Amino acid sequence: QVQLVESGGGLVQPGGSLRLSCAASGFTFSRYVMSWYRQAPEKREWVAQITSTGSITNYADSVKGRFTISRDNAKNTVYLQMNSLKPEDTAVYYCNTIYRGSTYWGKGTLVTVSS
């Protein structure tokens, strides 16, 4: 059974940093692309993606240069390092994978950027 569990969210001031983690189980993590999405009221947005080996990453324009996606295949974990956070980054952040044709999501972790 595929499980994705996000952690690391919280309240941070504008300009601050957070690192999100997503622990995966139930599939061969090292073989699959992983992504981060975020959900703000009335808006779901793709944030970043990383290939199975971590050799290629892609980012939404809104986070490019501020966020970094990475993975540790030995720990079955994908990360999202978020720097220079802005109030508009406030959202619930989800990790995601597509395994055997089905899309899986974690329950999300809330990031609030506010002074």
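Everything numeric in this text was worked out from a predicted model, so none of it was measured.
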Full working for side-chain contact (heavy atoms from CB on, under 4.5 Å) between V33 and I98: CA-CA 8 Å; V33 171; I98 300 174; over 6 Å; no
Identify whether V63 and I50 are in the same connected component of the hydrophobic contact network (ILVMFWY, side-chain heavy atoms under 4.5 Å). yes
Can you tell me how far apart OH (Y37) and CD (Q49) are? Round to the nearest 0.5 Å. 7.0 Å
Distance-minimising heavy-atom pair for S17 and Q81: CB-NE2, 4.0 Å
Under the 3.5 angstrom rule, does the side chain of R71 hit a backbone N or O of G54 as a donor-acceptor pair? no
Counting distance only, does the side-chain N/O of T77 pair as donor-acceptor with the main-chain N or O of K75 below 3.5 Å? yes
Using a 3.5 Å distance criterion without hydrogens, assess whether the side chain of D89 forms a donor-acceptor pair with backbone atoms of S62. no
When every non-hydrogen atom of A40 is compared with those of A91, the smallest separation belongs to N-CB, 4.0 Å
Pairs involving residues 8-32, ordered by first then second residue, that meet ring pair (Phe, Tyr, Trp, His ring centres under 6.0 Å) (sequence neighbours left out): F27-Y32, F27-Y99, Y32-Y99
Before giving the answer on side-chain contact (heavy atoms from CB on, under 4.5 Å), spell out for W46 and N58 the whole-Å C-alpha distance, their side-chain angles and the decisive distance to 0.1 Å. CA-CA 10 Å; W46 168 75; N58 290 291; 3.9 Å; yes
Does D61 come within less than 4.0 Å of K64, counting only side-chain N to carboxylate O? yes
Which distance, rounded to the nearest 0.5 Å, do you find between the CG of N96 and the CE of M34? 7.0 Å
Give a yes or no answer on whether the side chain of S70 reaches the backbone of V78 with a donor-acceptor pair at less than 3.5 Å. no
Might you point out which heavy atoms bring S30 and S52 nearest each other, and give the distance in Å? O-CB, 3.2 Å
Derivation and outcome, side chain to side chain donor-acceptor pair (under 3.5 Å), residues Q39 and R44: CA-CA 4 Å; Q39 175 81 54; R44 172 170 285 189; 3.1 Å; yes
Could you go step by step and tell me if C22 and Y93 meet the side-chain contact (heavy atoms from CB on, under 4.5 Å) rule? CA-CA 10 Å; C22 171; Y93 284 72; over 6 Å; no
Going only through I, L, V, M, F, W and Y residues with side-chain contacts under 4.5 Å, is there a path from L18 to Y79? no
Would you say that V2 contacts R100 through its side chain, given a criterion of any heavy-atom pair below 4.5 Å between the two side chains? no
Closer than 3.5 angstrom, by distance alone: can the side chain of Y59 be matched with the main-chain N or O of I69 as a donor-acceptor pair? yes
OG of S25 to CG of L4, rounded to nearest 0.5 Å, is 7.5 Å
Interatomic spacing from CG in L85 to CD in Q13 - rounded to 0.5 Å: 11.5 Å
Would you sort out whether E6 and L20 count as a side-chain contact (heavy atoms from CB on, under 4.5 Å), showing the intermediate values? CA-CA 7 Å; E6 301 93 341; L20 306 183; over 6 Å; no
Could you list the donor-acceptor pairs under 3.5 angstrom formed by side chains in residues 104-115, with sequence neighbours left out?
unit_1: T109; atom_1: OG1; unit_2: G9; atom_2: N; d: 3.0

With side chains defined as the heavy atoms from C-beta onward, is the minimum distance between F67 and T57 less than 4.5 Å? no
Euclidean distance, Q3 CD relative to N76 CG, rounded to 0.5 Å: 12.5 Å
